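What follows is a short report on a single structure.
Worth saying up front: this structure is predicted, and the values here are computed from it rather than measured.
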Amino acid sequence: MSTCLEFSAIVETEKPQIEDLLKVAERYPDPAAMDAREAFSKQVRAVEGLITNTYRVAVAFARKANDPHEESETWRCMGGLCNMAIQILSTLKEKYPYCGTPQLYDLVLDYKIACDKRRNETEEEIACKTLPTPTGLFPE
């Protein structure tokens, strides 16, 4: 029996760990407290690893895609995960500036830009394949 895993399923399993940033922030409302810095820094490192590894998986899925639509969907899902992280980090990067939050925000933003670029390139490829070949382009 062979089980096929879709990239969107992987992304769904990663979302709770990103949401945990908010839970840690709620648990430690004083960002100056040492235990808050430690807990938040630990969660920031975990999310950084998660985003980086999930991006690597997205690259692998995109390379193995049988269809450009699958590749585009992979980049859409990864971009959505980045968007979610960016939204959460945008509210926390000012409150927890000494825990690596601004750097993580910048890293995730870079990944989001890369996802958008790859998705746009794939969408352009899909669109080009649907265009008719101009008459006279090739000799008869």
Side-chain angles (χ1 to χ4, degrees):
M1 180 172 129
S2 175
T3 302
C4 185
L5 183 63
E6 290 186 13
F7 185 71
S8 60
I10 293 171
V11 167
E12 286 303 313
T13 64
E14 307 294 8
K15 288 181 179 181
Q17 194 167 356
I18 296 171
E19 291 169 343
D20 284 349
L21 284 166
L22 292 171
K23 292 177 185 173
V24 172
E26 288 172 7
R27 201 173 313 131
Y28 300 100
D30 180 11
M34 186 55 76
D35 54 345
R37 286 184 182 184
E38 288 176 18
F40 205 78
S41 293
K42 182 179 176 182
Q43 189 62 32
V44 164
R45 286 190 307 274
V47 170
E48 179 180 354
L50 175 144
I51 292 289
T52 301
N53 288 330
T54 306
Y55 187 84
R56 286 181 186 148
V57 172
V59 169
F61 267 76
R63 285 183 180 160
K64 300 273 185 184
N66 295 326
D67 174 12
H69 291 89
E70 290 176 29
E71 184 178 347
S72 178
E73 180 63 14
T74 297
W75 293 120
R76 186 194 65 75
C77 288
M78 184 66 208
L81 184 68
C82 290
N83 265 343
M84 177 190 168
I86 288 167
Q87 288 174 351
I88 290 171
L89 290 166
S90 69
T91 64
L92 299 174
K93 69 179 182 168
E94 303 300 324
K95 186 174 181 180
Y96 296 92
Y98 304 110
C99 301
T101 314
Q103 294 84 356
L104 178 58
Y105 177 87
D106 291 344
L107 176 71
V108 176
L109 189 57
D110 288 343
Y111 279 127
K112 171 64 174 136
I113 291 168
C115 289
D116 289 348
K117 180 181 176 189
R118 288 178 178 222
R119 183 175 181 206
N120 288 339
E121 288 170 352
T122 305
E123 293 291 328
E124 188 175 299
E125 179 185 332
I126 292 168
C128 284
K129 287 181 178 180
T130 62
L131 296 175
T133 304
T135 54
L137 182 63
F138 299 108
E140 294 183 38

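Between Lys23 and Asp20 a salt bridge is recorded (basic side-chain N to carboxylate O distance below 4.0 Å). With respect to Glu73 and Arg76, a salt bridge is recorded, a charged nitrogen being found less than 4.0 Å from a carboxylate O. In this structure, Lys129 pairs ionically with Glu125, as a charged nitrogen and a carboxylate oxygen lie closer than 4.0 Å.
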Does Trp75 form a ring-ring contact (aromatic ring centres under 6.0 Å, His included) with Tyr55? I'd like the steps, not just the answer.
CA-CA 9 Å; Trp75 293 120; Tyr55 187 84; 5.5 Å; yes

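The backbone N or O of Gln17 sits less than 3.5 Å from a side-chain atom of Gln43, completing a donor-acceptor pair. Put simply, the side chain of Thr101 gets close to the backbone of Tyr96: a donor and an acceptor are under 3.5 Å apart. Checked by atom type and distance alone, the side chain of Ser41 pairs as donor or acceptor with a backbone atom of Arg37 at under 3.5 Å. Under a 3.5 Å cut-off, the side chain of Thr91 and the backbone N or O of Ile88 do form a donor-acceptor pair. Put simply, the side chain of Thr52 never gets that close to the backbone of Gly49: no donor and acceptor are under 3.5 Å apart.
Separation of atoms CG (Asn66) and CD (Glu71) is listed at 11.0 Å; rounding is to 0.5 Å. To the nearest 0.5 Å, atoms SG (Cys99) and NZ (Lys93) are separated by 15.0 Å. Between atom CD1 of residue Ile18 and atom CG of residue Leu50 there is a gap of 5.0 Å, rounded to the nearest 0.5 Å. Note: Asn120 CG to Ser72 OG = 8.5 Å, rounded to the nearest 0.5 Å.
Heavy-atom contacts from other residues, nucleotides or ligands closer than 6.0 Å to CD of Glu124 number 12 or fewer. Atom NZ of Lys117 is surrounded by 12 or fewer heavy atoms from other residues, nucleotides or ligands within 6.0 Å.
Hydrophobic clustering (ILVMFWY, side-chain heavy atoms < 4.5 Å, transitive): Tyr98 and Val24 are in distinct clusters. With hydrophobic clusters built from ILVMFWY side chains whose heavy atoms lie under 4.5 angstrom apart, Phe7 does not share a cluster with Ile126.
When the options Arg118, Arg119, Lys112 are evaluated for a side chain to side chain donor-acceptor pair (under 3.5 Å) with Asp116, the one that passes is Lys112.
Side-chain contact between Val11 and Lys15: present, with at least one pair of heavy atoms (C-beta onward) separated by less than 4.5 Å.
Scanning both residues, Thr74 and Ala62, for their nearest heavy atoms gives CG2-N, 4.3 Å.
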